[in-house]
Each structure stands twice: as C-alpha cells, then as structure tokens.
Amino acid sequence: MLQDSIRSLLAQCNTILYRLLMHEWFDVEKKLESSANVAACAAGLDTTMFSADVRPADPRFGDFQVNGALPYAKRLKTNPREVAQKLVTAFEKDNSLTTVADLSIAGPGFINFKFKPQFYSNWLAAFATESDFKESASRFYSDERVVVDYGSPNTAKQMHVGHIRSVVIGEAICRLLEFCGAKVTRDNHIGDWGTPYGKLFFAYKRHLDESALTEDPLGELERLYKLGSELAGEDEAVLDECREELVKLQAEDPGAMALWEKVNELSIAGLKDVYDQLDVTFDCYLGESFYRDKVQQVYDELSDSDLAEESKGALVVFHPEHKRYAKQPFIIRKSDGASNYATTDLATMLYRHEHFNATRIVIVTDDRQKDHFEQLDLTTAKWFERTGRERPIFNHVMFGKITGEDGKPIKSRSGDPIRLKDLIAEAIERAYAVVKEKNPDLSDAELEHIAQTVGVGAIKYADLSPNRTSDYVFSWDKLLSFEGNTAPYLLYATARIQSIFRKLEGPQKEGLEKRASTLETDEEIALARKIVEFVGALQTTIETLRPHMLCLYLHELAGTFSAFYSANKVIVEEEGVQARRLILCSRTLLALKIGLSLLGIKTLERM
RNA sequence: GGGGCAGUAGCUCAGCUGGAUAGAGCACCUGAUUUCUAAUCCGGUGGUCGGGGGUUCGAGUCCCUCCUGCCCUACCA
C-alpha cells in the first residue's frame, strides 16, 4: 500500500520534472538555435559573426539542420567543414542534446540533427492539450498590445468579393496574435463619412421604399445611393441639392445627423449579418466619422513640429531623405481646407497610441495603398519622435487584388460586383450537395451544419492559402473547390481521426502514454516530426504575418497523416502499438484543430 | 519620366529572406487483401525557374541589364 503511494508519487514527480525538461523543447528551432550559440561560444568561434540558421531539414538528411557554419566560414575565410566539426564537438558535450538526437556533418558543412523516436514520444507527451500549446506559444507576443484594423467597408453598400481578403486575412492575424499572447483589439475602420452621403440623402428623402429597407437595409441603401448618383449625373439642379445635403451633414445639422445615424445603424447591422456568417466579431467600429473632430490636432502638431508645409495651397509632408517621398507629397489637408484619408489615418495612429496604448498597429488593406502607408509610417515616426511619444510598430499587411480572367476587376453577369453574401450562400449550397452525396445517411440538421462549416471554410481557406501579396484571379471553382489543398481536405482528416476515437471504449482512450510503445514505422516517425514542426510554422506565420505559411503546414500535416492512416492501422491487437498510434492521432487532431481555428475555420466531428 | 510588384510543370500556385537532386494541388496515366470514413492513399508523365551577364563553395532567391504584364505617382480611399 505504502509502496504503491510512493510509486505513484515518484511517477508524478517524474512527470513534472520531465515536463519541465521538455518545456524548452516546445520550439525546437529556437532550442537548437540557443544550443548552437552556446556551442559556438564553447568552440571558440567569434560569436558576433555567428548566426545559427536553424531550419527543418530535408528528411533524407535529418530532422533539423544548423547551417550557420557556412556563412561564418565565409565571413572569416576559413574552412566551413572545420567550423562545423568544431561545433559538433561542442554540441556533443551537451547531454541534453546527445540524448535526444544524433548529429552528423554533411556536404560543405551542414550539421544535421536526427531526433531519436523517444524524443518524439516525449514531446508528444509533454504537449498534449490546447492549453499546453497556448501556454508555451503565448510567451511569443505576451508584452504586445495590438490594434488590428481590417474589414473597412463603406456604409450604405453591400460587401462584395473585394472585401473578403481584408476580413479573412485580418481575422486570421488577430487569432494568431492572440494565440501568441498579444492583447488584440479588432477595429473596423468603416467609411462612414464624406461625399456619398449627399447623394444618398437626396434619394432617401424622395425615393425610399420602406418595406425594402426593413427587409434588406443594405440593399435598399445601396439602391438609393446609386439612384442619387444617377440622378445627380443627369441633372445639375439635383447635384446642387445633393451638395446641400452634404453641407448640412458636415455642419452637423440635427436632422442630417439623425438620418446619418440611422443609416449607420442599419449599415452596421447589415454588415454584421455577413460577419456573423464568417465568424468575425469586431471590438469597435471607429470609422472615419469618429476622427472628424481629431484632425485639427494633427494639423497643429505637424505644423508646429516643422513636418508639414504649405504647397500649392495644401498642407503636405515631404521626406527629403527618401528617394521618392522627397518629391511626392503626403497631403494631409487639401487646398480646399478639407481633410482626407491621410489626415484621418494620422489621427488613428495617435488615438490608437493614446487610447489603446498600442505597441503595434496592423492595417490590412490592398497593396495599391502601399505608398500611402509608407508615407503614413514615415510621417508618424517623425511626428511621434518630435513630440516625445513612443511609436508603436506599424505593419501594413497588404494583399493583391482579385480580378477576373481578363485581369480586370471582377463582375457578376449583371455587371455588378459579386456580393459576399451570395458567394457564401453558393458555397454552402455546393457543400450541401457534396455532403449529401458522400454521406446520405446524415440527418438534415447535421447535413446543414456540415455544409455550413465546409462551405464557409472552403471560401476562407481559398483566400488564405495563396501568398497574400499576389494578385488573385477569381473563379467560383477555385473558391469553392473541395479537392486538393482545401479546407475540406483538412476537415476530412479531422473527421477521420474522430471517427477512430468513436470506435473505442472509454478505458482504451485513457492512460495512453503509459501503455504506448516507442514510435517505430517510417509513417509514425514522419507524422511525429510533422506535428513538432507546428511550432516553427506558427512562428514563421506570425513573424511574416502571412497566413499561407500556416496553410501550407496544415496541408502537409494532413497529408502526412493520411499517408500514416493508410499505411498503419491504428486499432490493432497489440496494446502498445495501438496506444502510440492513438497518441499520434490525438496530437494530429490537436494541431489541425488549433491551426484551423487560428485561420478562423471551424472543425467538424464528422463529415 | 520616377517608383513598386510580378513572370517557376499544360493550368493554379508554394519555395520559410543564399543551402544539398526546384516542390504541391488540379489535369492526365497507373495501381490500392470491400477498409479505423476512397472528400483517401501509393506510383508515374510533365521544368532552359521570362532572356542575358555578374557576385561565390553554393543563386529560383542577391546585383546589373533587357523583355512582358499590372499597380502607384498632389489634393478619392
């Protein structure tokens, strides 16, 4: 009895100790990097000239490789293989390394690390739940407060496919940052002020269809705005009336403001319907109107700190040190005295700094605005420096445009842009047909649920999986494809894994680590290795703010799993084999679930 | 005129910032004891990485140059 308690106590101590030891291996690349730096020091290398350069290796050579010997030897004009040999000798004095991996030198001086199967078992035991992952990952960005500005539609207009990238990419970035420990504020900088309101109000007051407004507020507002533009284009008198409406609004006339507020309320409600479908929720909607009383401070401070100057009647900022912006001005006040987007964007920088205490500001827009944001960043840097403010890191997360086959902006058959809600509806419809065909026995409620998840997931994944900076040729088939490197492929892998666990009795799912034997087959090792790579993929994704890096990884993981699944039967007689394979299944599922949720994609129990 | 982005397999794209024999998906050609979900897997066909020079142990990746396409370039956002 006493013996048993002692044994169990010892086992617990072991577990704790061992988890502490494994803890530093969460990020294998980082661990190898710091080991390499220690080794470089021990080997007597000039550490100021040494950079480890750790990366996943080609499986033919090893699991990870340290390539730092080559550039080091180049800089010092010595033999790279000798440098590598010195490093390996130093590495081999480090027990924490030699017990888990075999080292070898190859080619001109690559140092390959081949992990022992036991290492993978230990890693999989140490990082077993979402909170294990989150706890370790949340140290990456724990001291950051980030405002992410994405979405940015205009009021009184429906969103079309052109808006999808900002929403989907922006949301993925928010989730990634949050997972890595940052405090994130999601801010939708809507276009809710300015010239379109004159025309909208003119038409609203004369041609409003009340019932249409109740049924489809955004549709009706959009119709009215178009009507107003049309009428103003045809008739000078109408145009004058539109201008009058606008003047009233800008003077904040109570009647105009009441109507403006109503339009905004309806618009945001309409936008939220679509965001709900995409599982996106913003913390705030601080649009252009919010900053209209904050522009004077921008003019004053930029003028007082000698950044802004008068040029051709406008207030502008030049950057003499820049080859381009020395000549190309950043116009912060137009010659008619009105503000523009440069003004409001500067005001947002200040507000996000002061109100949210942001350490980082991320703005997600298309790449045509690259110049604008470069100028914004340069200007903010100088402005904040001269006024003694700490400047947040600024990232312009830009993306390429979506075009038709001809390279022009995409249009539906009627000539209007394809509405986002129509795209989503079609995706769900197509998914429904596929699910029903593949799995006719499911209840209708479950069918609907699966179709929803698969359809929306497919759209998001199609938008996240290409490199965001590339242009994008729109095609229904590509956005709604369910084959190949798509969300359904990843979801299918999760469904298969869960199906395995459904086959098991309760006790078979418990205490797997105790029963598991050491990983053995090529497919098992390959899968374990791929799971461990999750952390590196996460790092690369967040450092570059490029979600496609995570997509690429998840697709590889699902592929490695599928290969494992067909080659190695999981539910088998031998208890040890079954247990170790179940662990692999459960960790694959974990990595897929975390990864997909970071991309904003929901997972399924079955499909 | 100036600046930027891009050009990789028939098509759509990756290629982690200079690493080993350039990879996926689609399409095409083949297979897979009726199985823990075949929305899968194993093979195969397919490449002068736009052309030409250069830098070095090593270039799709860096530099120069030319070709092609797109975007920005003073008051739209």
Side-chain angles (χ1 to χ4, degrees), chain A residues 53 55-58 60-61 65 67 70-71 73-74 79-81 106-110 112 152 154 189 191 194-195 288 311-316 323-325 327-336 338 340-342 344-345 365-372 374 398 400-401 403 407 434-435 437-439 454 465-467 469-473 475 477-478 481-486 488-489 491-493 495-504 536-537 539-541 543-544 546 548-549 551-553 555-556 558-559 562-572 578 581-582 585 606-607:
Chain A
D53 190 16
R55 61 185 68 205
D58 186 317
R60 285 170 303 199
F61 307 118
Q65 58 183 194
N67 291 349
L70 290 113
K74 188 174 193 167
N79 184 333
R81 255 198 103 98
F110 304 110
N112 291 308
S152 353
N154 292 319
H189 190 65
T195 48
E288 286 159 9
S311 173
K312 299 185 183 175
L315 190 63
V316 307
K323 60 184 170 187
R324 189 123 180 269
Y325 307 127
K327 295 257 167 65
Q328 185 181 318
F330 192 46
I331 299 168
I332 63 167
R333 188 177 61 206
K334 301 193 285 179
S335 50
D336 65 2
N340 64 2
Y341 69 124
T344 49
D345 279 350
T365 77
D366 69 84
D367 56 13
R368 288 173 303 186
Q369 300 183 52
K370 189 173 181 241
D371 281 10
H372 166 74
E374 278 173 9
M398 57 186 173
K401 60 186 172 303
T403 67
V434 176
V435 180
E437 187 207 323
K438 303 275 183 194
N439 224 333
V454 170
S465 56
N467 187 345
T469 53
S470 313
D471 283 353
Y472 187 110
V473 178
S475 93
D477 286 340
K478 188 162 51 164
S481 167
F482 300 148
E483 281 176 358
N485 182 10
T486 62
Y489 178 79
L491 293 174
Y492 183 66
R496 283 170 125 187
I497 295 170
Q498 294 181 94
S499 160
I500 295 173
F501 282 97
R502 274 197 298 273
K503 299 264 188 255
L504 298 173
Q539 290 265 34
T540 315
T541 305
E543 273 164 20
T544 56
R546 288 175 193 267
H548 82 282
M549 299 286 193
C551 294
L552 181 71
Y553 166 78
H555 179 242
E556 284 171 4
S562 292
F564 157 80
Y565 179 92
S566 13
N568 296 181
K569 196 162 164 58
V570 176
I571 299 178
V572 291
Q578 177 173 312
R581 290 185 181 165
L582 283 172
C585 287
R606 67 181 89 213
M607 66 186 277

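Throughout, protein chains are lettered first and strands after them, A, B, ... in sequence-line order, and every chain is numbered starting at 1.
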Rounded P spacing from B/rU45 to B/rG53 in Å: 30 Å

B/rA77 base / A/Tyr341 side chain donor-acceptor hit below 3.5 Å: yes

Torsion-based syn/anti label for B/rU35, 90° from 0 as limit: anti

Check: A/Gly400 main-chain N/O paired with A/Asp471 side-chain donor or acceptor under 3.5 Å: no

Selected nucleotide, minimal atom distance to A/Arg324 side chain, candidates B/rC41, B/rC5, B/rG2: B/rG2

Mate of B/rG1 where both pairing distances stay under 3.5 Å, Watson-Crick or G-U: B/rU73

Base of B/rC75 paired with side chain of A/Ser335 (donor-acceptor, under 3.5 Å): yes

A/Val316 side-chain proximity, nearest of B/rU40, B/rC36, B/rA74: B/rA74

Sugar-phosphate only, base, or nothing, as touched by A/Ala563 at under 4.0 Å among non-hydrogen atoms: sugar-phosphate

Side chain of A/Thr540 (C-beta onward), nearest among B/rC16, B/rC13, B/rC5: B/rC16

Side-chain N or O of A/Arg496 closer than 4.0 Å to phosphate OP1/OP2 of B/rA38: yes

Protein proximity profile, nucleotides 19-31 of chain B - base contact B, sugar-phosphate-only contact S, no contact -, cut-off 4.0 Å on heavy atoms: BBB--SS------

Sugar-phosphate, base or nothing in reach of A/Ser562, heavy atoms under 4.0 Å: sugar-phosphate

Whole-angstrom distance between B/rU55 and B/rG60, as gauged at atom P: 16 Å

Base paired to B/rA38 (Watson-Crick or G-U; both N/O distances under 3.5 angstrom): none

Rounded interatomic separation in angstrom, taking CG from A/Asp477 and C1' from B/rC13: 16 Å

Complementary nucleotide for B/rC26 - Watson-Crick or wobble, under 3.5 Å: B/rG10

P spacing across the pair B/rA14 / B/rC76, given as an integer number of angstrom: 35 Å

Contact under 4.0 Å: A/Tyr489 side-chain N or O vs B/rC41 OP1/OP2: yes

Any donor-acceptor pair under 3.5 Å from A/Asn112 side chain to A/Ala106 backbone: no

Which nucleotide in B/rC41, B/rU37, B/rU73 has an atom nearest any side-chain atom of A/Gln328: B/rU73

Proximal nucleotide (of B/rA14, B/rC5, B/rC75) relative to the A/Leu552 side chain: B/rA14

Touch class at under 4.0 angstrom, heavy-atom based, for A/Asn439 against every strand present: nothing

Nearest to side-chain heavy atoms of A/Pro488, which nucleotide of B/rG58, B/rC76, B/rA39: B/rA39

Sugar-phosphate, base or nothing in reach of A/Tyr565, heavy atoms under 4.0 Å: base

Proximal nucleotide (of B/rU35, B/rC70, B/rA14) relative to the A/His548 side chain: B/rA14

Between B/rC29 and B/rC67 - P atom distance, rounded Å: 43 Å

Side chain to side chain, A/Tyr565 and A/Cys585, heavy atoms closer than 4.5 Å: no

Between B/rU61 and B/rG7 - C1' atom distance, rounded Å: 14 Å

Proximity to the side chain of A/Arg502 - top-ranked nucleotide from B/rU37, B/rU35, B/rC72: B/rU37

Sugar-phosphate, base or nothing in reach of A/Glu437, heavy atoms under 4.0 Å: nothing

Touch class at under 4.0 angstrom, heavy-atom based, for A/Lys503 against every strand present: sugar-phosphate

Length of the NZ-C1' vector between A/Lys569 and B/rC41, whole Å: 15 Å

Listed nucleotide nearest any side-chain atom of A/Met607, set B/rC41, B/rA39, B/rG3: B/rA39

Rounded interatomic separation in angstrom, taking CZ from A/Phe482 and C1' from B/rA38: 18 Å

Nucleotide N/O to protein N/O under 3.5 Å, stretch nucleotides 6-12 of chain B:
{"from": "B/rU12", "atom 1": "O2'", "to": "A/Lys478", "atom 2": "NZ", "distance (Å)": "3.3"}

Side-chain heavy-atom pair A/Leu504, A/Gln578 within 4.5 angstrom cut-off: yes

Touch class at under 4.0 angstrom, heavy-atom based, for A/His372 against every strand present: nothing

Span that lies between the C1' atom of B/rU73 and that of B/rC26, in whole angstrom: 39 Å

Parallel, tilted or perpendicular, as decided by the 30° and 60° cut-offs, for the rings of A/His372 and A/Tyr341: parallel

Closest to side chain of A/Val454, choosing from B/rA77, B/rA39, B/rU37: B/rA39

N/O donor-acceptor pair, side chain A/Arg581 with base B/rC36, under 3.5 angstrom: no

Gap in Å between the two C1' atoms, one belonging to B/rG3 and one to B/rA9, rounded: 33 Å

Between B/rA74 (P) and A/Tyr325 (OH): distance, integer Å: 12 Å

A/Ala558 backbone acceptor or donor facing A/Ser562 side chain under 3.5 Å: yes

Touch class at under 4.0 angstrom, heavy-atom based, for A/Asn568 against every strand present: base

Heavy-atom donor-acceptor pair, A/Lys74 side-chain to B/rG58 base, under 3.5 Å: yes

Sugar-phosphate, base or nothing in reach of A/Val435, heavy atoms under 4.0 Å: base

Test item: side-chain donor near acceptor, A/Ser475 and A/Asp477, under 3.5 Å: no

B/rA74 base / A/Ser311 side chain donor-acceptor hit below 3.5 Å: yes

C1' atoms of B/rG18 and B/rC36, separation to the nearest Å: 45 Å

